[in-house]
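Here's the structure, in structure tokens; my notes come after.
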Amino acid sequence: MIRKRVQILVALTCGMLVMGGVAQVSSAWAGKERPPLQQIPSAVCGECHQEIFHEWQGSVHARSSAIHDPLHAAMYRMMIGDPTQEGVKNPKTGTYPECLQCHTPNAARDGKTKLDALPAYEEGVNCVGCHTVEAFHGVKGEDGKLRLGSAAYTYSDKKVQGPYGAHHGQTPALAPGAAENAQPTINPYPHAQNGTLFQSSGICLGCHEQHNNPHGLPLCATGPELVAAGQVTTCQSCHMPTVKGHANHTMAGGHDPAMLKRGVTLDLTTRLEGEQIAATITLRNNLIHNFPTGAPFRWVALRVTALDAQGQVSWKSAQENPIKEDPQAMLMLKLTDAQGQPVPPAMATTLVADTRLKPREERKLEYKIPAKEVKTVRAELQYGLLLPPMMKAMADKVPAAAMQPVVFVQTERTVAGEP
Ligand code: HEC
Ligand code: HEC
Ligand code: HEC
Ligand code: HEC
Ligand code: HEC
């Protein structure tokens, strides 16, 4: 079936060359005009790039739209409106909803807001959402305003952009990320070689550099964090490692415990000091951006527990909420309104504190634990997608599983002096 589809694609491409103009590239469009590049759904690219397609499908990019991401959908509906309607405007500014410039770049290019109108809109950051970007112009406009997502890029209407500029219409080749039993095929889309962009952080930064909240606070600022770190490498070097011979498109981050675990080193030492155990926890951020980075409602909490010989918990660094009980253990942004009341990021006017680990930062935290009957001390790090008060506020709008905090790394020491 797939092979047949590919043959059709190739046949039509040749036809397209002969006719020298617009023609169909897929049987799905038989008899119709070929859609513009930004309306091509990922499944079409996935016919030949099967592994890359599956990696992308499992990525957060594939569910970045308000149709597929429950968290984004809930916030979009609260702040903007209905993602299935055309002509929606930001109610505060009366302009096109800026969220769509990053979360659904193809719809933004077409100026549309009905996201379920086309698979290429609903898919959010899909193949052509990135592979038609021709140049990145920085997020700071001449007028001093931020250019967000698609507004920071210029796009190609004619050529798929990629790192190498694949041969087109000449030698049959195996697509990068093709299935093992695939046949060599001819790539039906004209390509442009654009490694300057695709092998630099620029391809990511239009959407990931900076985003201010409605009061102008720069709360998503992975870009400036990198500048502070001296920009020692590209985003791709960590987020797109080479796996099975091609650049991996899973682009894991905060939703992936395995990725989180590699971002930070958790070290624990204990010593007996009379009636007390002194536990020292060293956290080291291995990254060139903050830990955690990105959205201002992410948080990481250190939890320390002491266990007796039976494995029963005899002491905890926080019973319930470390924000109140053990503030040093919370890596997060502390935000308030003008009256000094804690508020969600969108309503904040003041950044009171940023306790996230800075790039390459090493931080030591000390705990004194009553030593009686303690056999083991355990330290663990928990990651949350949404701050606890926001989780409560969203409880009726977002399934609990979509915002459940996870413990992503844990370490234990037997107390020194014990056998
Ligand atoms: C009919 C099969 C086929 C389809 C459909 C297809 N490709 Fe390809 N693609 C290939 C082949 C084959 C190569 C490798 C060609 C070579 O090395 O000569 C390739 C290479 C690439 C490359 C890497 C080389 C470069 O230019 O940097 C990118 C990126 C790419 N394709 C993106 C896409 C996108 C995006 C789509 C969907 C709009 C797509 N492809 C659809 C077959 C296909
Ligand atoms: C067109 C805008 C856009 C571009 C370009 C883009 N991203 Fe994203 N990215 C997003 C959006 C939007 C999300 C959040 C989606 C959501 O959760 O709703 C995201 C999420 C992520 C995440 C978080 C994953 C997680 O588990 O939470 C990582 C990591 C990421 N992108 C890396 C990259 C890298 C690396 C590049 C460049 C190769 C890149 N992105 C290019 C828009 C973009
Ligand atoms: C978030 C942006 C983004 C999205 C979405 C995306 N790509 Fe890519 N892709 C890149 C970047 C950046 C590179 C270059 C990586 C490098 O060489 O460092 C790349 C490389 C590639 C390559 C060359 C791989 C190799 O190592 O030879 C192919 C083929 C490709 N992409 C196809 C696709 C297809 C098909 C999809 C959709 C299923 C897709 N891409 C979605 C950003 C993206
Ligand atoms: C040295 C490796 C490394 C580099 C370089 C790197 N990252 Fe990350 N990134 C990680 C790890 C590990 C995580 C998971 C820990 C975290 O969330 O901070 C992560 C997390 C993220 C997240 C997830 C945030 C969330 O809310 O879930 C985003 C977005 C992200 N990175 C974007 C980028 C961008 C954009 C670049 C380039 C400008 C980049 N990263 C460069 C390793 C790296
Ligand atoms: C400048 C680009 C940009 C704009 C504009 C933008 N976002 Fe995002 N958004 C991102 C990126 C990138 C991520 C994921 C990575 C991170 O944590 O930074 C994200 C993540 C999110 C998440 C977390 C999703 C999850 O699954 O964890 C929500 C919710 C969200 N955005 C809502 C919105 C809303 C609502 C708007 C408009 C009012 C908006 N965003 C505007 C880039 C943007």
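Remember, it's 1-based here, ligands and their atoms both numbered in the order they're listed. By convention here, the first residue in the shown sequence is residue 1. Below, all heavy atoms of this structure are taken into account, side chains as well, without hydrogens, waters or symmetry copies.
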Closest non-hydrogen protein atom to [atom], residue and atom name please, with distance?
atom: atom 15 (C) of ligand 5; answer: His208 CE1, 4.1 Å
atom: atom 18 (O) of ligand 5; answer: Gly294 CA, 3.0 Å
atom: atom 23 (C) of ligand 4; answer: Gly254 N, 3.6 Å
atom: atom 17 (O) of ligand 4; answer: Leu260 CD2, 3.8 Å
atom: atom 28 (C) of ligand 5; answer: Phe297 CZ, 3.8 Å

Count of N, O or S atoms belonging to protein, less than 2.8 Å from atom 8 (Fe) of ligand 4
2
For [X] and [Y], test the side chains for any donor-to-acceptor distance below 3.5 angstrom and give the result as yes or no.
X: Asn126; Y: Asn106; answer: yes
X: His72; Y: Ser65; answer: no
X: Tyr121; Y: Asp110; answer: yes
X: Glu225; Y: Thr293; answer: yes
X: His211; Y: Gln101; answer: no
X: Asp326; Y: Tyr367; answer: yes
X: Thr350; Y: Asp337; answer: no
X: Glu412; Y: Thr376; answer: no
X: Asn194; Y: Gln161; answer: yes
X: Gln341; Y: Thr336; answer: no
X: Thr411; Y: Arg413; answer: yes

What atoms of ligand 4 come within less than 4.0 Å of a heavy atom belonging to [X]?
X: Thr234; result: 5 (C)
X: Pro292; result: 18 (O)
X: Leu205; result: 38 (C)
X: Thr233; result: 5 (C)
X: Asn290; result: 18 (O)
X: Tyr383; result: 25 (C), 26 (O), 27 (O)

Does Asn187, backbone or side chain, put an N or O under 3.5 Å from an N or O of ligand 1?
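Yes, since at least one N or O of Asn187 sits under 3.5 Å from an N or O of ligand 1.
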Are any of the N/O atoms in Tyr164 less than 3.5 Å from those in ligand 1?
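Yes, at least one N or O pair falls under 3.5 Å.
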Would Asp256 and Arg262 pass as an ion pair if we require N to O under 4.0 Å?
no
Find all atoms of ligand 1 within a distance of less than 4.0 Å from any non-hydrogen atom belonging to [X], and give their numbers and elements.
X: Val44; result: 5 (C)
X: Ile186; result: 1 (C)
X: Pro176; result: 13 (C), 14 (C), 19 (C), 20 (C)
X: His131; result: 29 (C), 35 (C)
X: Pro163; result: 27 (O)
X: Gly165; result: 25 (C), 26 (O), 27 (O)
X: Cys48; result: 1 (C), 2 (C), 3 (C), 4 (C), 5 (C), 42 (C), 43 (C)
X: Ala166; result: 15 (C), 16 (C), 20 (C), 24 (C), 25 (C), 26 (O)

Under 2.8 Å: N/O/S of His49 next to atom 8 (Fe) of ligand 1
yes
Taking the six-membered ring of Phe291 (Phe, Tyr or Trp), confirm whether the NZ or CZ of Arg356 is under 6.0 Å from its centre and within 45° of its axis.
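Negative - Arg356 is either too far from the ring of Phe291 or too far off its axis.
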Pick from His246, Gln199, His191: the one approaching atom 30 (C) of ligand 1 most closely through a non-hydrogen atom
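Nearest option to atom 30 (C) of ligand 1, by heavy atoms: His191.
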May I ask which of Cys130, Ala43, Cys45 has a heavy atom nearer to atom 35 (C) of ligand 1 than the others do?
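Nearest option to atom 35 (C) of ligand 1, by heavy atoms: Cys45.
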Under 4.0 Å, heavy-atom basis, I'd like to know which part of [X] is in contact with ligand 1: side chain, backbone, both or neither.
X: Phe198; value: neither
X: Thr171; value: neither
X: Pro184; value: neither

Below 4.0 angstrom from a heavy atom of [X], which ligand 5 atoms are there? Numbered from 1 as shown, please.
X: Asp69; value: 24 (C), 25 (C), 26 (O)
X: Leu148; value: 1 (C), 5 (C)
X: Cys207; value: 1 (C), 2 (C), 12 (C), 42 (C)

Does any part of the side chain of [Y], heavy atoms only, come nearer than 4.5 Å to the side chain of [X], both counted from C-beta?
X: Pro97; Y: Tyr76; result: yes
X: Leu387; Y: Met332; result: yes
X: Val415; Y: Ile369; result: no
X: Thr305; Y: Ser317; result: no

Part of Glu209 within contact of ligand 5 (heavy atoms, under 4.0 Å):
neither
Part of Leu71 with heavy atoms under 4.0 Å of ligand 5, whether side chain, backbone, both or neither
both
Strictly under 2.8 Å of atom 8 (Fe) of ligand 5: which protein N/O/S atoms qualify?
His103 NE2
So, for atom 13 (C) of ligand 5, does the protein have a heavy atom nearer than 4.0 Å?
no
Could you say whether the N/O atoms of Arg298 and ligand 4 ever approach to under 3.5 Å?
yes
Could you tell me whether His255 and ligand 4 have an N or O pair separated by under 3.5 Å?
no
Using non-hydrogen atoms of the residue, decide whether Val60 is closer than 4.0 angstrom to ligand 4.
no
May I ask whether Val264 has any heavy atom positioned less than 4.0 angstrom from an atom of ligand 4?
no
Atom CZ of Arg77: over 12 foreign heavy atoms under 6.0 Å
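Check passes, neighbour count above 12.
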Is there a heavy atom of Glu47 sitting under 4.0 angstrom from any atom of ligand 1?
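It does not, in that no heavy atom of Glu47 comes within the 4.0 Å cut-off of ligand 1.
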